[in-house]
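Data block below; observations after.
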Number of protein chains: 2
Amino acid sequence: MAPRRDVARRTPLSRERVLEAAVGLADREGIEALTMRRLAQELGVEAMSLYHHVPNKEAILDGVAEVVLTQVNDAVDQLDAQVAQEGWQAAMRRRVLTAREVMLRHPWAPQVLETRTTMSLPVIGYFDGVLGVLLAGGFSYDLAHHALHALGSRALGFTQELFEPDDHEVGEAEAMAVLEQVADRFPSLAGMMAAVSHDPADPTLGWCDDQREFEFGLDVILDGLERRRRAG
Amino acid sequence: MAPRRDVARRTPLSRERVLEAAVGLADREGIEALTMRRLAQELGVEAMSLYHHVPNKEAILDGVAEVVLTQVNDAVDQLDAQVAQEGWQAAMRRRVLTAREVMLRHPWAPQVLETRTTMSLPVIGYFDGVLGVLLAGGFSYDLAHHALHALGSRALGFTQELFEPDDHEVGEAEAMAVLEQVADRFPSLAGMMAAVSHDPADPTLGWCDDQREFEFGLDVILDGLERRRRAG
DNA sequence: ACCTGAACACCGTTCAAGT
DNA sequence: ACCTGAACACCGTTCAAGT
């Protein structure tokens, strides 16, 4: 009837097309917009049609997690890790920051990844690569195992910040307001906020540069691991 | 009519009673069981009655996060931190592991905390205490600020494990099965799993002791921070 | 003031029916 | 084989009505 629908129907649905659309929808409108009905609409189809390509919504979430992790793997595979030449720390740093670049394009991904209970092949593959860097760097299996745990989600380029809401500007303004109200009850935080200056020349609007803080935390862990490696 | 309802109604509803019931419900049946209708039923009341004590469900989630953080604060306040005598690392370690004990009683709490966008007073209070330990330990405001970011959720005693599903035994058995199937594609992981032995004398059933791994990661970070503090 | 029942606008999902 | 519409069992929430 409506020609647009016929056009959309020309390419038949498939698991891949469903997941691609799901990732795009989550990127554009947030993960809460990813409903069966909304996703179907995006594909010019009825909600029930999705069930022919995917068993249920949980499988869609598993799928989008896989898509993102595959993008991460594609990105890190471009890196020619020369651990022997540059050292494992530099190789790991580059790998993690590359993963982070991909993750930043999908702000909803950490939330989804953390709720997946089954290990997908792309996740296994990614951590196999991380582990490979450690082993090439001279880690024992045992220490490398601890290292994986110590890195945790940071290996994939993200940390869950408890202090930073989605909208940083609004969030920080709110935080400031709350803190000012109760400065006397929280002397350490009040002192820190007074002392840590907002550099007006700094391009970051807030007082925390996410990328710098991420790299600081990562380097603290990498250095600590290297010291333990050397200690045997 | 039914006497049970009258008994339940004797103590009138209040925000506190609602939140207490919500925490209990989440503890017993998981966070997904925490719905307005189910929570009301728990309190012997209609779902709509909850709206007289709480503006909406989001506020209930904010509230349960506050309850948990208040429990954490109560627990760490029992600790008499003698930073000067034992050093900041020991004080911090004790504080974080105490917070962890509370968090382990509410396995759903990390998930909820991470989705809160507004900083509640108990969270501010907790981090003020963490910061206090750092400052007493000789950290500059600037380095202490970085340290808060580096610790992240670990300061509250939890990390989001990407490899560990809710049911560890089932999860690990599944993981083993998957890995065995594809061992040739993931040589590093396959090697590690062969090398890192399951000690039969070890009380932990799986091959990762969560508590040990958490403490390892925490110590890596604390050591790294101490080195940076000493470096000035 | 506090609680209720019916209703509304959403979910994910089942099922029988269409092509 | 693939897609659909109606329907079901759930959500959170609004509103008018009860006490």
Side-chain angles (χ1 to χ4, degrees), chain A residues 1-23 25-26 28-65 108 111-112 115-118, chain B residues 1-23 25-26 28-65 108 111-112 115-118:
Chain A
M1 211 181 196
R4 287 207 90 267
R5 268 175 69 160
D6 287 17
V7 169
R9 219 187 268 158
R10 206 146 35 200
T11 3
L13 236 47
S14 66
R15 188 183 122 93
E16 284 66 41
R17 263 192 9 104
V18 168
L19 296 182
E20 234 173 82
V23 169
L25 180 56
R28 286 195 314 281
E29 306 187 20
I31 191 68
E32 71 285 351
L34 180 52
T35 69
M36 299 303 273
R37 284 170 172 85
R38 184 78 186 72
L39 176 57
Q41 183 188 316
E42 207 76 0
L43 288 158
V45 108
E46 270 336 276
M48 305 315 126
S49 306
L50 301 175
Y51 286 86
H52 287 275
H53 303 96
V54 122
N56 50 38
K57 182 165 183 188
E58 206 50 17
I60 290 183
L61 293 176
D62 286 342
V64 296
W108 44 270
Q111 221 181 110
V112 172
T115 56
R116 297 309 88 200
T117 52
T118 54
Chain B
M1 213 182 196
R4 286 207 91 268
R5 268 174 71 161
D6 286 18
V7 169
R9 220 188 265 157
R10 207 148 34 200
T11 4
L13 236 50
S14 67
R15 189 182 121 93
E16 284 66 40
R17 255 178 34 92
V18 169
L19 297 182
E20 232 172 83
V23 169
L25 181 57
R28 286 195 312 282
E29 305 187 19
I31 192 68
E32 71 284 351
L34 180 52
T35 68
M36 298 303 273
R37 283 170 172 85
R38 184 77 186 71
L39 176 57
Q41 183 188 317
E42 206 76 1
L43 288 158
V45 111
E46 272 333 279
M48 304 317 125
S49 306
L50 301 174
Y51 286 87
H52 287 275
H53 302 96
V54 122
N56 50 39
K57 180 165 184 186
E58 211 41 24
I60 290 184
L61 292 176
D62 287 342
V64 296
W108 45 269
Q111 221 181 110
V112 172
T115 55
R116 296 311 86 201
T117 52
T118 53

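Within every chain, numbering begins at 1; the chains are lettered A, B, ... in the order of the sequence lines, protein sequences first and strands thereafter. Note that the structure is predicted; figures quoted are calculated from it, not measured.
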For this session: Please round to the nearest 0.5 Å and tell me the distance separating atom CD of A:E42 and atom CZ of A:R28.
Result: 4.5 Å
For this session: Can you see which heavy atom on B:W108 is nearest to which on B:V64, and at what distance?
Result: CZ3-CG2, 3.9 Å
Any protein N or O atoms within reach of nucleotides 12-17 of chain C? Criterion: under 3.5 Å, listing atom names and distances.
unit_1	atom_1	unit_2	atom_2	d
C:dG12	OP1	A:M36	N	3.4
C:dG12	OP1	A:K57	NZ	3.0
C:dG12	OP2	A:M36	N	3.0
C:dG12	N7	A:R37	NH1	2.5
C:dG12	O6	A:R37	NH2	2.9
C:dT13	OP2	A:Y51	OH	2.9
C:dT13	OP2	A:K57	N	2.9
C:dT13	O5'	A:Y51	OH	3.3

Exercise. Quick one: B:Q41 CD to C:dG5 P, roughly how many Å, whole number?
Worked result: 14 Å
For this session: Taking all heavy atoms of A:I60 and all of A:A22, pick out the closest pair and write down the distance.
Result: CG2-CB, 4.1 Å
Exercise. A:L50 CG to D:dC3 P: how many Å, rounded?
Worked result: 9 Å
Exercise. Just how far, in rounded Å, is P of D:dT19 from CD of B:E46?
Worked result: 15 Å
Exercise. Is there a side-chain contact between A:Q111 and A:I31 (heavy atoms, below 4.5 Å)?
Worked result: yes
Seminar exercise, completed: On a heavy-atom basis, the closest approach of B:K57 and B:T35 is NZ-CA, 4.2 Å
Exercise. Are B:R116 and B:E58 side-chain neighbours, meaning at least one heavy-atom pair lies under 4.5 Å?
Worked result: yes
Problem set entry | Stem regions touching DNA chain D, defined by at least 3 consecutive Watson-Crick or wobble G-U pairs below 3.5 angstrom | C:4-8 with D:12-16, C:12-16 with D:4-8
Problem set entry | Short side-chain N/O contact from A:S49 to OP1 or OP2 of D:dC2, under 4.0 Å | no
Exercise. Which heavy-atom pair separates A:V112 from A:T115 by the least distance, and what is that distance?
Worked result: O-OG1, 2.8 Å
For this session: Using atom types as modelled and distance alone, determine if a side-chain donor or acceptor of A:H53 lies under 3.5 Å from a backbone N or O of A:L13.
Result: yes
